[in-house]
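Here the structure is laid out as structure tokens; the discussion comes afterwards.
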Protein chains: 2
Amino acid sequence: MPGQQTARTTIADVAKEAGVSVSTVSRALRGLDKVNPDTRARVEAAAEKLRFTFSKTASSLASGKSMRVAVLLPNEINSWFNSYTFEGVYEVLSREGYDVVPYVMWEERDLNRFFHTLPGTQNFDAVIVTSFILDAAQREFLDTLTIPMIGINVPSTEGFDASVRIDDVAAMHGVVRLLRSLGHESIAYVEQPVQLSPFVCSDSVRLEGFLDAAEQQGYDEEHILTIPSLTRAGSEDDDDAQESVGGEAAAISDIAAQLVGATSQPTGICVENDRCAVMLLKELRRLGWRIPEEVSLIGFDGDNVGDVVDLTTVRQNPVQLGRAAAGKALALMRGDEPDEAHTVAPTSLLMRATTARLTA
Amino acid sequence: MPGQQTARTTIADVAKEAGVSVSTVSRALRGLDKVNPDTRARVEAAAEKLRFTFSKTASSLASGKSMRVAVLLPNEINSWFNSYTFEGVYEVLSREGYDVVPYVMWEERDLNRFFHTLPGTQNFDAVIVTSFILDAAQREFLDTLTIPMIGINVPSTEGFDASVRIDDVAAMHGVVRLLRSLGHESIAYVEQPVQLSPFVCSDSVRLEGFLDAAEQQGYDEEHILTIPSLTRAGSEDDDDAQESVGGEAAAISDIAAQLVGATSQPTGICVENDRCAVMLLKELRRLGWRIPEEVSLIGFDGDNVGDVVDLTTVRQNPVQLGRAAAGKALALMRGDEPDEAHTVAPTSLLMRATTARLTA
DNA sequence: GTGAAAGCGCTAACAC
DNA sequence: GTGTTAGCGCTTTCAC
């Protein structure tokens, strides 16, 4: 038997102290009914006196409910979207007594390891997955699992019991319509310059929407420029935040150069996210581009980094996405069907100071 | 006995399949030695075939190690400092197989509830606490616990087995020396306008350092202005990010008004953090203040929001603080003493475009 | 309303 | 090297 370093006070100690059985202690302390008020008071006093608290682990094992929800993130937990989403999830789930455990997936291996840890055991009561691309095999595997899987901004609902997402494609249509109405004849879409995780899906989805909308608005190929990510550029360990930002700065200046040197120079530019948009804005202005007089720039997210420079952007509310996903998770864990399995959350175009009608 | 919804495949199933005992399966699958290579291969094949994976819960209960570390945060998990610190902790601990579970403390009640959940049970193998003010009773209580407690930017090391922090006071001395050398006769310190959590300590520590340094640099009271936080202003639930930002904007304009209306108008201003500094910078410029020509503004953190406007600031590296704390936690959980229980991490003054010599 | 007892799925002596 | 066995601390039938 295991060495017992400290004599822990267990439910049995409380039972003895209160002069009742362990099951009564369990009932009393969990607030279940069918317990005499007097008995309950006695048990609570005993627990208080002995400073007793439940072992979550033991409760989990006995009850089969882990009271734990995993949140899978495709890259840093400190990115704007991820941290706000997590906050929303945390808020709702922690209130109900759940632990919310983040898992950051940098490589395929991380994902497989995680998936491999799931089946058969009750390590989690639900899994929430954000902004992920999963291949067919992986989605199929999800179907295998018995615990609820909830997606946030996942490109396909397949394999998920519920999901919440924004409509990236519709949002990009709005962006392109705006650029068209402002008089821009030549437009560009800039992906996030450095993409560290292979699972992030917003890039490809938004690009697709952009191209689709551009075509629909009558732009021909010569007037559409696309600047792709350098996927997995930072493959070796970035040693710290500072350094990785440095690499990003280089990427931004590279993008600016591509824009400046383009055959048909775009005057309407959409960037995959606000953080990059802001950096690019600064760089383009440094190079002498007049924004918004000559060039319009639009970001995506509603990241407060854009407030500083009054960036025009497409706003989404990740906290609310997180809350909604957590709500669905709660319903599914209770065994209910959520009101709506797959929800589309709104986005809105926030017109600020980096877009203007082209007067040339 | 509990209702068994799904016949889970357990270690016993694998044992039967492989024709060995459960303990051999346990040893083999955990990679312990004293297992015949052939046996191990057979066990692994059986586990693979049955898609077996360990139940963390059961392992925890039996071994007494939860493989779980709690991280206590005084407010949002999506603030710059918190999310980067968490990232650092996560990085180190997840690599060693630990789950990293965040707990956000909004009110005294949250903290007490958390503390109350700790003793007696082995719910966590260690607790990491960031930027917290704890009162004497709470610190004393920490000493009671048998699991390692590690602090990050905690004002006192009392009650902690290890800690990592920056030297806020020394940093503020640097700031004040800089302002003095730039020729500023009248200076101000601006606390974070809206303080939502009662546990955040950086405000008071930095203010103290500022005042101490100001005195040492020969500033008299009339030339030192302090603009305090509106503590707990957002006590009722902020309904979403947007709204809370709105309240902050109002607070910023209030601060700007206080600066503009001050008897002895300060020309050297230090703001508790970069996020607020950037907002204040924008507001002051809007009001016609020329920064850095007439007024110098310094932030604190090294938050990349400051990059956009080239904010002069005091830089700290929260990812590294997190990593260091996690490293100490690891050592303590192994039963070793960390190389150095209490570490002071460096900060650096980053001179950019919001400070300049006063030429008046 | 309360108690007895059988597990939950695993680990860690200990014996062989 | 491998098997046997006694728990880890709780929950949950079931009987009273």
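Throughout, protein chains are lettered first and strands after them, A, B, ... in sequence-line order, and every chain is numbered starting at 1.
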Handout entry: Sequence-distant partners of Tyr98(B), ring-ring contact (aromatic ring centres under 6.0 Å, His included), two or more places apart
Key = none
Problem - Presence of donor-acceptor pair under 3.5 Å, side chain of Arg40(B) and base of dG1(D) - result: no
Handout entry: Test item: side-chain donor near acceptor, Ser83(B) and Asn78(B), under 3.5 Å
Key = no
Practice task
Look at Ser21(B) and dT2(D) and indicate whether a side-chain polar atom (N or O) is within less than 4.0 Å of OP1 or OP2.
Solution key: no
Problem - Phosphate OP1/OP2 of dC8(C) contacted by Ser63(A) side-chain N/O (<4.0 Å) - result: no
Exercise for the section: Classify the side chain of Ser23(B) and the base of dG3(D) as holding, or not holding, a donor-acceptor pair under 3.5 Å. Expected result: yes
Handout entry: Phosphate OP1/OP2 of dT2(C) contacted by Arg27(A) side-chain N/O (<4.0 Å)
Key = no
Problem - Rounded (10°) bend between the five-pair end axes of the helix from dG1(C)-dC16(D) to dC16(C)-dG1(D) - result: 30°
Fill in the blank from the handout: Between Ala58(B) and Gly19(B), the residue closer to the 5' end of DNA chain D by nearest nucleotide is Gly19(B)
Practice task
Would you tell me if any nitrogen or oxygen in the side chain of Ser55(A) comes within less than 4.0 Å of OP1 or OP2 on dC10(D)?
Solution key: no
Handout entry: Nearest-angstrom distance from the residue atom CG of Leu61(B) to P of dT11(D)
Key = 12 Å
Exercise for the section: For Thr57(B) and for Arg30(B), locate the closest nucleotide of DNA chain C by heavy-atom distance; then report the residue assigned to the nucleotide nearer the 5' terminus. Expected result: Thr57(B)
Handout entry: Any Ser59(B) side-chain nitrogen or oxygen under 4.0 Å from OP1 or OP2 of dG9(C)
Key = no
Exercise for the section: Taking only the side-chain nitrogens and oxygens of Arg8(B), find out if one of them lies under 4.0 Å from OP1 or OP2 of dC8(C). Expected result: no
